[in-house]
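Encoded as structure tokens, the structure appears first; notes follow it.
Basis for what follows: all heavy atoms, side chains included, without hydrogens, waters or symmetry-related copies. The chains referred to below are lettered A, B, ... by the order of the sequence lines, with proteins before strands, and numbering in each begins at 1.
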Protein chains: 2
Amino acid sequence: MNLILFAAHELDGHQQLSLSDERYQHIRHVHRSQPGDTVRLGMINGLMATGTIINIDEHSVQLCVLNTEPPPPKLPLRIILALPRPKMIRRIFRSIAELGVSELIIINSYKVEKSFWQSPAISEANVQGYLLDGLQQAKDTVLPKVSFYKRFKPFVEDELPKLCADTKKLIAHPDTGEACPLAINCPTTLAIGPEGGFTPYEVDKFLAAGFSGIHLGPRILKVENAVTVLTAKLFN
Amino acid sequence: MNLILFAAHELDGHQQLSLSDERYQHIRHVHRSQPGDTVRLGMINGLMATGTIINIDEHSVQLCVLNTEPPPPKLPLRIILALPRPKMIRRIFRSIAELGVSELIIINSYKVEKSFWQSPAISEANVQGYLLDGLQQAKDTVLPKVSFYKRFKPFVEDELPKLCADTKKLIAHPDTGEACPLAINCPTTLAIGPEGGFTPYEVDKFLAAGFSGIHLGPRILKVENAVTVLTAKLFN
């Protein structure tokens, strides 16, 4: 945790914050902080701040929240991703928040096993936890917007055109289109398939919606590495 | 597995290969291949090839190895990395091979816990296994060279100057030097610290050895994401 996040309602009327959960444990046992020490704080979907420890004991810590400043800017990037294998979800969602991606849309695809949609990893509480982990690593406060579409065809035909209007539209797929461009730094919607890739039908649906193919060369990357590599190349 | 790797000694005098281990299981139960079907193969540190199934039964598969071609080129990148936490080693070593990094040098650093050096994750057999996983994902055959230096000061003072001669020398560290450059595509030695970063003394040692600082902006990334992001930005 490079930043400790709190919700707006946790702050009292005197700009003070009292913590007794795992955030307190982190301040006490990892930072080993004493009264007068400062801690980097951030209000979820709000500002970053400095927390000065007023008191810390066996049960809780009280902090005075001062010197607010804005969080780092988000990347103008919306990623459309086929639902990953449940054991990869934590890492991928965490990385999405860590890298500063603005929005994540999880969709179905032919190669997504139906059972993945039953995974507790995509419960609202778990998703929020993974995203907060990533924000606390990266020193950011703003949660990426996350949504789920369980049916591919209604998504690409009915939702996609509205969603990606006025953005650059890219689909990453092996041997498709051009090599991934560098530092385009403009509002972008980027579609990434599941392990094994989108089917030709699915790729065609994106191309019909105005997407351009991009590829990463001869190496086939795991989805979590593809997400990170594409984001790193497209934005600077 | 997008490519099934075998050792040179496994090939008989008639360009045939017989497999009965987990590679056979993969061909039988994941690919569900039949005689006449083809499988992508690669000889470790050798060529890629097409394997045509001659016979497959309850115990083994026999393949005829044909149509060799060279593997994808490696990146001219040597990464010097502080020994990661053991639970991260598999993923990081796997990604190093997957991304096409030529060489990995693992070093000590003040923030590396001594116990990490006792981890079975860095046994020769485990390291080779992680690297082969990455190669089989990326469709590559050539193992990155991996070495370990358990003492920081002798490494940076005695070994580093010889190792990195004639390469671009970069150290990634928050708030240091310039933003990570894009697509430098030249022989490069890149140093990356542990979680929590190199100490100021350690950074100074690299700078004294001719390294230039680069950073990734205000976001602090996990080591595994920093490795992937830096590699993606520096090479195209």
Roughly how far, to the nearest 0.5 Å, is the [atom2] atom of [Y] from the [atom1] atom of [X]?
X: A:I184; Y: A:N236; atom1: CD1; atom2: CG; result: 12.0 Å
X: B:T199; Y: B:D204; atom1: OG1; atom2: CG; result: 8.0 Å
X: A:N67; Y: A:R40; atom1: CG; atom2: CZ; result: 9.0 Å
X: A:F211; Y: A:T189; atom1: CZ; atom2: OG1; result: 5.5 Å
X: A:Q137; Y: A:K139; atom1: CD; atom2: NZ; result: 10.0 Å

Are there residues of [range] that reach to under 4.5 Å of chain A by heavy atoms, and which ones?
range: residues 69-82 of chain B; value: B:P72, B:P73, B:K74
range: residues 226-234 of chain B; value: B:T228, B:V229, B:A232, B:K233
range: residues 99-108 of chain B; value: B:L99, B:G100

For this session: Would you mind checking which part of A:N2 comes under 4.5 Å of any heavy atom in chain B, side chain (CB onward), backbone (N, CA, C, O), both or neither?
Result: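 Looking at A:N2, just its side chain touches chain B.
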For this session: Might you confirm whether atom NZ of A:K111 has over 12 heavy atoms from other residues, nucleotides or ligands at distances under 6.0 Å?
Result: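 Enclosed.
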For this session: Evaluate whether atom CG of A:D175 has more than 12 neighbouring non-hydrogen atoms of other residues, nucleotides or ligands under 6.0 angstrom away.
Result: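 No, CG of A:D175 has 12 or fewer neighbouring heavy atoms, counting only those of other groups under 6.0 Å.
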For this session: Considering only heavy atoms and a distance below 4.5 Å, find which of B:K222, B:R94, B:E224 pairs most often with chain A.
Result: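 Of the candidates given, the most pairs with chain A belong to B:K222.
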Problem set entry | Which of B:D140, B:L216, B:L182, B:L221 touches chain A most, by non-hydrogen pairs under 4.5 Å |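 Most heavy-atom pairs under 4.5 Å with chain A: B:L221.
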Exercise. Do NZ/NE/NH1/NH2 and the carboxylate oxygens of A:D37 and A:R32 come within less than 4.0 Å?
Worked result: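 Answer for the salt bridge query: no.
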Problem set entry | Closest non-hydrogen atom pair between A:N45 and A:V142, with its separation |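 That closest heavy-atom pairing would be OD1-CA, 3.5 Å.
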For this session: Indicate yes or no: at least one non-hydrogen side-chain atom of A:R91 is less than 4.5 angstrom from one of B:R91.
Result: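 A:R91 reaches B:R91 side chain to side chain.
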For this session: Evaluate the side-chain contact (heavy atoms from CB on, under 4.5 Å) criterion for residues A:F93 and A:V146: first the C-alpha distance (whole Å), next the side-chain angles of each, then the deciding distance (0.1 Å), finally the verdict.
Result: CA-CA 9 Å; A:F93 280 51; A:V146 177; 4.1 Å; yes
For this session: Could you tell me which portion of B:N225 (side chain, backbone, both or neither) has an atom closer than 4.5 angstrom to a non-hydrogen atom of chain A?
Result: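 The answer is both parts of B:N225.
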Problem set entry | A:Q34/A:I53 under side-chain contact (heavy atoms from CB on, under 4.5 Å): CA gap, chis, key distance, verdict | CA-CA 7 Å; A:Q34 302 293 325; A:I53 296 178; over 6 Å; no
Problem set entry | Test side-chain contact (heavy atoms from CB on, under 4.5 Å) applied to B:V39 and B:V61, step by step | CA-CA 11 Å; B:V39 178; B:V61 58; over 6 Å; no
Exercise. Taking only residues two or more places apart in sequence, or in another chain, which ones meet A:E10 in a side chain to side chain donor-acceptor pair (under 3.5 Å)?
Worked result: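 Per chain and number, A:E10 pairs via side chain to side chain donor-acceptor pair (under 3.5 Å) with A:R23.
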Problem set entry | side-chain contact (heavy atoms from CB on, under 4.5 Å) evaluation trace for A:F116 with A:I122 | CA-CA 9 Å; A:F116 295 177; A:I122 54 172; over 6 Å; no
